[in-house]
There are 2 protein chains.
Amino acid sequence: MPEFISSATRFVALPDGFPMKRGGVLNGSRIAYESYGNLNETRNNVILILTGLSPSAHAASHEDDPTVGWWEGMIGPGRPVDTDEWHVICINALGSCKGSTGPASVDPRTGESYRLSFPELSIEDIADAAASAVRALGIPHVECVIGASMGGMASLALITRHPELVRNHINISGAVHSTPFASAIRSVQREAIQTDAYWRRGQYNQEQYPENGMITARKLGLISYRSALEWDGRFGRDKAGEWGSSSPHFAPELPVEMYLDYHARRFARTFDPNSYLYLSRSIDRFDLGDMGTLAGMHLERAMVIGVRSDLLFPLHQQDQIAEGLRAGGTDVTFLAMESEEGHDAFLIDLRRFGPPIARFLSSLLPQLRDAAPLFSNRRAGGSLD
Amino acid sequence: MPEFISSATRFVALPDGFPMKRGGVLNGSRIAYESYGNLNETRNNVILILTGLSPSAHAASHEDDPTVGWWEGMIGPGRPVDTDEWHVICINALGSCKGSTGPASVDPRTGESYRLSFPELSIEDIADAAASAVRALGIPHVECVIGASMGGMASLALITRHPELVRNHINISGAVHSTPFASAIRSVQREAIQTDAYWRRGQYNQEQYPENGMITARKLGLISYRSALEWDGRFGRDKAGEWGSSSPHFAPELPVEMYLDYHARRFARTFDPNSYLYLSRSIDRFDLGDMGTLAGMHLERAMVIGVRSDLLFPLHQQDQIAEGLRAGGTDVTFLAMESEEGHDAFLIDLRRFGPPIARFLSSLLPQLRDAAPLFSNRRAGGSLD
């Protein structure tokens, strides 16, 4: 099974016997990460980024991989996540296929890819693996963890399970559990992969590959990540040019169908289908519990951002996170974005997301400097890479 | 190919050479309908109902078929569509598989089912076929046409193309064209059927049947017909009972997954997959044009109803219909329903939909009686069945 790894990706080993929440342990496994900016001598200027289901650790261009990252406009010198000040570590989730150990990785016991013999995956495992990686990198604590979508869930799990590790938090379009509506969509995505005859209970190969299932799953993703409102603007009245050329076999003909088809086909072969199934189900199974869990989290500051047009992680879920953290005494800023970009807004609408994130992170800088008054962040330090 | 026809269904022949908008003609074809209540002697107490994609003509229980119809609570003696007053005709759409000629019907030229040799289908063809059926039944005009969803589109096409046939109109969750978002969902539904290996370019049979494709398509329908809000209430926190029993093959485990699975499996074998493809694409291709078309319609009164939580035919589309008809001088009542039931609200939320529909139809009764002062509707007339 191919994995998909940027040349800027580095690895850190997980300890053998790494325990999985729902049973089983991992041996010989690893977490993939990419880092930007320099670690200061006090090792206290760390921002940890936990991602959604599909992104890799390549959040921004890097000297070892100059291609555009998935949060390119947000991370870099002078950008909202300012690498002149911060040492930024973006982690690829456990269970993914972008360098961290997952179903596509080789099981050292057998020398073959795990496929469905990979243990069941939980968001808590993703959080535990991230915590383990941070510790292995010699970082005593993370000044701020930023998590969006599935990464927002994983961030909350991290803060709950490893409270000593995180001081501040930005949660973007996250939730403490999935809505039935979102689970329903993900459930159909999983079913599309599994009912593709080439899935073969996980035993596909490049020739017999569940491409149609992956295309359908990705199309549903593309539909549910955006909002209807944005699509009205993007595709307008949505007439096919001629319609005379339409195939009797119901091939795509409308602009929106062409768009979906192009992007879904690009994705289908760049993500391991089994990994997709594992990650998708871990999102649906996640449930951090009630208000009490959030109120039990001891953070200094948090910013919780939701998007009004988000169908998948609707705004009331971020409101719930903000209220919960606030009840526990955390100083919480809650932002309800008016963006039309839906769940994906944080990837696209950087004009809206950039300034508040920049302000929030800037507000954390004085306490860093108080902790390490003798060193300038720019000159001191040195990456662990 | 099986068709699915209630014992209360009656048929009316379409004239040979029935022309299809996008080319081709139908010969030996028919329209299925069911009727309720008595036609008065003036033949002016007719309500015509045009349906959404999947319903049959069996809108309510009938002496010839006592099973519950799809709009059971709305049609009957003393009900909002009061069969003590009205002669109600519900028509199964051309292209469907519930009695009207469609891809599952036998092509008289070959003695075999049309399958993909059925001509391309347009909403305008559905409207023309309905008009032809009404005329064949000896009905000079329809006092009110009621159309919901796809039936709302077909109603507008009917009024545009056969203006002499309709005096008043109730449009429920309709539109003059599809949004890109709704087309995207329907496009994935069609793809799920077509990529099922058993579809075989329309040449399936009962043994080799694209059941998985139909199940996926129906699940997407169920998801998009309702609203996220309603599902929060219905499935609550949505935890699976045990989760311990979950299959490693990602079988449904959450209550919402069980619900989708149950209902989609029930549907999969009761609707012809080719017919589904034809009807679905006719919805996406429909475009009645701009405001001018609506303003050119000459109705006496119209009621346009939309639902705030409708994802598929969002409220602004019904607002557009109301504004257009109003601009043409029609006396329009516009209702924005607060229902949480989404696009399906008219099927479920009869408590909200019943009273305004009853009031609207009652307001039409005096003019009927003026036209036929000597006859009581209850005693006169006689069904054409």
query: With a 4.0 Å cut-off, would you call R281(B) and E257(A) a salt bridge?
result: no
- request: Starting at OG1 of T216(B), measure out to CD of Q189(A) and round the result to the nearest 0.5 Å.
  value: 11.5 Å
message: Let me confirm one number: the CZ-CD distance from F181(A) to E230(B), rounded to the nearest 0.5 Å.
response: 11.0 Å
message: Show the nearest heavy-atom pair for residues D232(B) and P180(A), with the distance to one decimal.
response: OD1-CD, 3.3 Å
task: Check L116(A) against F250(B) and note the closest heavy-atom contact, atom names and distance.
output: CD2-CE1, 3.9 Å
- line: Applying a strict 4.5 Å limit to non-hydrogen atoms, the region of I185(A) in contact with chain B is both
query: chain B heavy atoms under 4.5 Å from A197(A): which part of the residue, side chain, backbone, both or neither?
result: neither
field: OH (Y198(B)) with more than 12 external heavy atoms under 6.0 Å
entry: no
message: I'd like to check L311(A) versus L311(B) (side-chain heavy atoms, cut-off strictly below 4.5 Å). Are they in contact?
response: yes
Heavy-atom side-chain contact between T195(B) and D196(A) under 4.5 Å: no
message: Which one wins on heavy-atom pair count under 4.5 Å against chain B: S280(A), G23(A), S187(A)?
response: S187(A)
Considering only distance and modelled atom types, tabulate donor-acceptor pairs under 3.5 Å from the side chains of residues 259-266 of chain B, sequence neighbours left out.
| from | atom 1 | to | atom 2 | distance (Å) |
| --- | --- | --- | --- | --- |
| D261(B) | OD1 | K219(B) | NZ | 2.6 |
| D261(B) | OD2 | R265(B) | NE | 2.9 |

